Structure formats: structure tokens, C-alpha cells
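Worksheet: the structure to be examined is printed underneath.
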Amino acid sequence: MAAKIKQYWLLKSEPSSYGIDNLQRDKQTDWTGVRNFQARNTLRDGMQKGDLAFFYHSSTDPTGIVGIAEIASDAHPDPTAFDEKDSHFDPKSSPSKPMWFSRTVKFVKKFKEVVPLADLRNTKGLEKMVLLQKGSRLSVQPVTEKEWEVIMKLVK
DNA sequence: GCCAACGTTGGC
DNA sequence: GCCAACGTTGGC
């Protein structure tokens with residue numbers, strides 16, 4: 001087994017479709033619907049069970065980091081890709097040759113207050129954060145340990 | 001609702 | 001392999 005060094009991630013979701021309150025209620029969920037190759041690779045290959053991820057709300061007011069989730073399973077084929085009735089159905093993915101993957105993620109905590117995107121932009125040490133790069137739209141992305149620590153200091 | 005930026009598709 | 005057209009993401 002590879003050295004188990006904890007890594008950090010950020011998961012984006014629109015709260016109108018699935019937000020931190022849903023995760024708190026469900027305790028855990030299958031993180032499905034990722035349909036971008038780079039995000040897919042991170043989800044499938046980059047993560048290790050036990051890693052932690054910020055939960056980010058996009059397309060809401062304010063946008064920002066709202067809590068923490070834990071990566072609670074190994075990667076498995078994303079079942080929504082096989083479901084013709086699902087909006088994420090993809091005929092190019094099949095159970096014998098899956099193209100898309102998902103992970104179980106567990107609720108860890110919800111912050112008392114959102115850490116808004118605008119604050120992240122104004123915080124020293126986060127200049128290189130993937131989330132803050134111009135045009136960045138990755139829904140699954142890495143966070144360095146330093147960035148994680150800097151952000152945790154902003155949490156109220 | 002607008003629009004900039006990105007990823008994918010398909011014609012050539 | 002290029003690139004225009006299109007659809008999507010996501011901040012504002």
C-alpha cells in the first residue's frame with residue numbers, strides 16, 4: 001500500500017441541486033455526475049479514502065466554502081452514467097468499460113458561516129489556489145496543505 | 001440575465 | 001491537426 005499521507009480537495013456543488021445541508025441530512029452520499037476528464041482523474045486516481053475536502057457552494061449568494069467532507073470510499077463506476085433516465089447518462093460509459101467514476105463522501109462539518117469566495121481572493125497565501133485561477137471551473141480540485149491551513153483560520 | 005472562459009464536437 | 005460552432009459553468 002502506498003504511503004498514506006492525507007491530501008486535501010475541494011468539491012463544488014450548487015446548493016440548489018445538492019448542498020451541505022443535504023449532506024448533513026444524508027450523512028453520506030455518492031459523489032456522482034462528474035463529467036470532466038481532469039476532475040474524473042482526480043476523483044478516480046488522486047484521492048485516497050480518508051482524505052478531507054472542502055465543500056464549496058457555487059451559483060448561490062454568497063458563493064464560498066461551507067464545510068468539510070471526508071472521502072469515504074475507493075473509486076467506483078458512476079452509476080448515473082448507466083441510467084438512461086438520469087441527466088448525467090452517457091452512452092459511452094458501460095459497466096464493463098466505465099468512463100466515469102464516483103466516491104462516497106461523508107459529512108464532517110458545516111461551518112457556522114460561509115467562507116466567501118471574495119474573502120478567499122483577499123487572503124494571502126491562496127494566490128495559487130486552483131479555485132481562484134482565472135477561468136477555473138473544475139468541480140473536483142486539489143487543495144494544498146498550506147492552503148487548507150490558511151482557509152481553516154478563516155473559519156468562524 | 002449577462003457574458004467570459006472553458007471543453008467538446010465535427011467539418012475540412 | 002486546425003478551428004469554428006456550440007453547450008456548459010459559474011461569477012457578478
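Since the structure is predicted, the reported quantities are computational estimates derived from the model, not experimental observations. By convention in this document, chain letters (A, B, ...) are assigned in the order of the sequence lines, proteins followed by strands, and residues within each chain are numbered from 1.
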| field | Rounded interatomic separation in angstrom, taking CG from Asp90(A) and P from dG7(B) | value | 18 Å

| With a non-hydrogen cut-off below 4.0 angstrom, is Thr63(A) in contact with a base, only sugar-phosphate, or nothing? | sugar-phosphate

| Do Trp31(A) and Phe55(A) have their ring centres less than 6.0 Å from each other? | yes

| said: If I take atom CH2 in residue Trp100(A) and atom P in nucleotide dG7(B), what distance separates them, rounded to the nearest angstrom? | reply: 12 Å

| query | Can you check whether Tyr56(A) has a side-chain N or O nearer than 4.0 Å to OP1 or OP2 of dG11(C)? | reply | yes

| task | Using only heavy-atom distances, determine whether the side chains of Arg40(A) and Ser102(A) contain a donor-acceptor pair under 3.5 Å. | result | no

| request: From the options dG11(C), dA5(B), dG7(B), select the nucleotide whose nearest atom is closest to the side chain of Asn36(A). | output: dG7(B)

| Are Phe37(A) and Trp100(A) near enough that their ring centres are under 6.0 Å apart? | yes

| Just how far, in rounded Å, is P of dT8(C) from CG of Leu138(A)? | 18 Å

| Ion pair present between Lys110(A) and Asp21(A), side-chain N to carboxylate O less than 4.0 angstrom? | yes

| query | Which one, dC12(C), dT8(B), dT9(C), comes nearest to the side chain of Phe37(A)? | reply | dT8(B)

| query | So, is Lys12(A) close to the dG10(C) phosphate, meaning a side-chain N or O under 4.0 Å from OP1 or OP2? | reply | yes

| query | Can you tell me if Asp45(A) uses its side chain to pair, donor with acceptor, with the backbone of Thr42(A) under 3.5 Å? | reply | no

| field | Interatomic distance where CD1 belongs to Ile65(A) and P belongs to dG11(C) [whole Å] | value | 12 Å

| task | Establish, with yes or no, whether the OP1 or OP2 oxygen of dT9(B) is under 4.0 angstrom from a side-chain nitrogen or oxygen of Lys92(A). | result | yes

| Between atom CG in Leu131(A) and atom P in dG10(C), what is the gap in whole Å? | 10 Å

| field | Rounded distance in Å - NE2 (His88(A)) to C1' (dT9(C)) | value | 13 Å

| Rounding to a whole Å, what distance do you find between Arg137(A):CZ and dC3(B):C1'? | 13 Å

| message | Please report the distance, rounded to the nearest Å, between CD in Gln38(A) and P in dC6(B). | response | 12 Å

